[in-house]
Amino acid sequence: DRLMKTRLERIAHALDAPGRVAGRIALWTALVLVIVAATNTIVRYVGTLLGQNLSSNRWIELQWYLFAIMILLSAAHGIQKDVHVRVDALYERMRPARRAWINLAGWIFLFMPFMAWALLSSYDMAAESWLRREASSDPDGLLRYPLKMLIPAAFALLALQGLSAILHCIAILRQPPSPSGDDHV
């Protein structure tokens, strides 16, 4: 039983790796986003003072794209770090095994089916955008299809993180009960 728990945790840890990498990329994207946003703001004000338009749709869209990348890539990392929203106020007072059962049911019956649906629907939208080589309709705008391809990738990362969470729950449930009985339902 202990060996199985260790195997489950090793597999879950391996499934966590892409989310950790995505989290680091999102962190650096946030820094680039702040620099681009500050530069856009400064350029707009300087342009106003000079009576010229120094801004560009490309830079404004880049700001939005960086924000989207940051959000899409940080979602799996947020689940991994257990910082997502919980609805149940009683959850924190529950024993670990009861929490694991609730989480397991949520991951299997709610989260994973939604991820399957989201992955399939977003893939079709992204593939169509890729085939059309979709670009912004704004003058001097950016290509949209590379960003749209990130949407199914983000859902795939979330699904991997969901699988990891399921394995973590099973590992908790496989722990032997403590002598005091505090660890189980």
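It should be emphasised that the depicted structure is a prediction, and the values quoted were computed from it without experimental measurement. The basis for the numbers below is simple: all heavy atoms, side chains too, and nothing from hydrogens, waters or symmetry mates.
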**Asked** Taking the six-membered ring for Trp, are W117 and F114 parallel (under 30°), tilted (30 to 60°) or perpendicular (over 60°)?
**Response**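 The rings of W117 and F114 sit tilted, inter-plane angle from 30° to 60°.
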
Smallest separation among heavy atoms of [X] and [Y], with atom names:
X   : Y   : value
A14 : P18 : O-CD, 3.6 Å
L33 : M70 : CD2-CE, 4.2 Å
R44 : S55 : CG-CB, 4.0 Å

Please determine whether residues [X] and [Y] belong to a single hydrophobic cluster, defined as Ile, Leu, Val, Met, Phe, Trp and Tyr linked transitively by side-chain heavy-atom distances below 4.5 Å.
X    : Y    : value
Y123 : L72  : no
V46  : I60  : no
L120 : L131 : no
Y45  : L50  : no
L110 : L104 : no

**Request:** Find out whether Q63 and N40 are in side-chain contact, i.e. whether some heavy atom of one side chain is under 4.5 Å from a heavy atom of the other.
**Result:**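 Of all side-chain heavy-atom pairs linking N40 with Q63, at least one is under 4.5 Å.
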
**Between N103 and Y91: side-chain donor-acceptor atoms closer than 3.5 Å** =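 Yes, because at least one side-chain N or O of N103 sits under 3.5 Å from a partner of the opposite role on Y91.
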
Point-to-point distance, once rounded to the nearest 0.5 Å, from [atom1] of [X] to [atom2] of [Y]:
X    : Y    : atom1 : atom2 : answer
S136 : L142 : OG    : CG    : 7.0 Å
H13  : L8   : NE2   : CG    : 14.5 Å
R10  : R7   : CZ    : CZ    : 7.0 Å
I172 : R174 : CD1   : CZ    : 13.5 Å

**Request:** Could you give me the CA-CA distance, side-chain angles and deciding distance for W59 and T39, then say whether side chain to side chain contact (heavy atoms under 4.5 Å, CB included) is met?
**Result:** CA-CA 9 Å; W59 286 97; T39 303; 6.0 Å; no

Please set out all donor-acceptor pairs under 3.5 angstrom arising from side-chain atoms of residues 143-166, sequence neighbours excluded.
unit_1	atom_1	unit_2	atom_2	d
K148	NZ	E134	OE1	2.9
K148	NZ	E134	OE2	3.1
Q161	OE1	Q80	NE2	3.1
Q161	NE2	D16	OD1	2.7
S164	OG	A12	O	3.2
S164	OG	D16	OD1	2.5

**Prompt:** What residues form a side chain to side chain contact (heavy atoms under 4.5 Å, CB included) with D124, not counting sequence neighbours?
**Reply:**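 D124 satisfies side chain to side chain contact (heavy atoms under 4.5 Å, CB included) with no other residue.
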
Show me the side-chain donor-acceptor pairs of residues 21-31 shorter than 3.5 Å, one per line, residues at least two apart or across chains.
unit_1	atom_1	unit_2	atom_2	d
T29	OG1	I25	O	2.7

**Request:** Ignoring hydrogens and angles, tell me if any N or O in the side chain of D138 forms a donor-acceptor pair with the backbone of N57 under 3.5 Å.
**Result:**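 No; judged by distance alone, with no hydrogens or angles, the pair does not exist.
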
**Message:** Let's go through W107 and I79 carefully: what are the C-alpha distance in whole Å and the side-chain angles of both, what is the deciding distance for side chain to side chain contact (heavy atoms under 4.5 Å, CB included) to 0.1 Å, and is it a yes or a no?
**Reply:** CA-CA 11 Å; W107 292 120; I79 288 175; 3.4 Å; yes

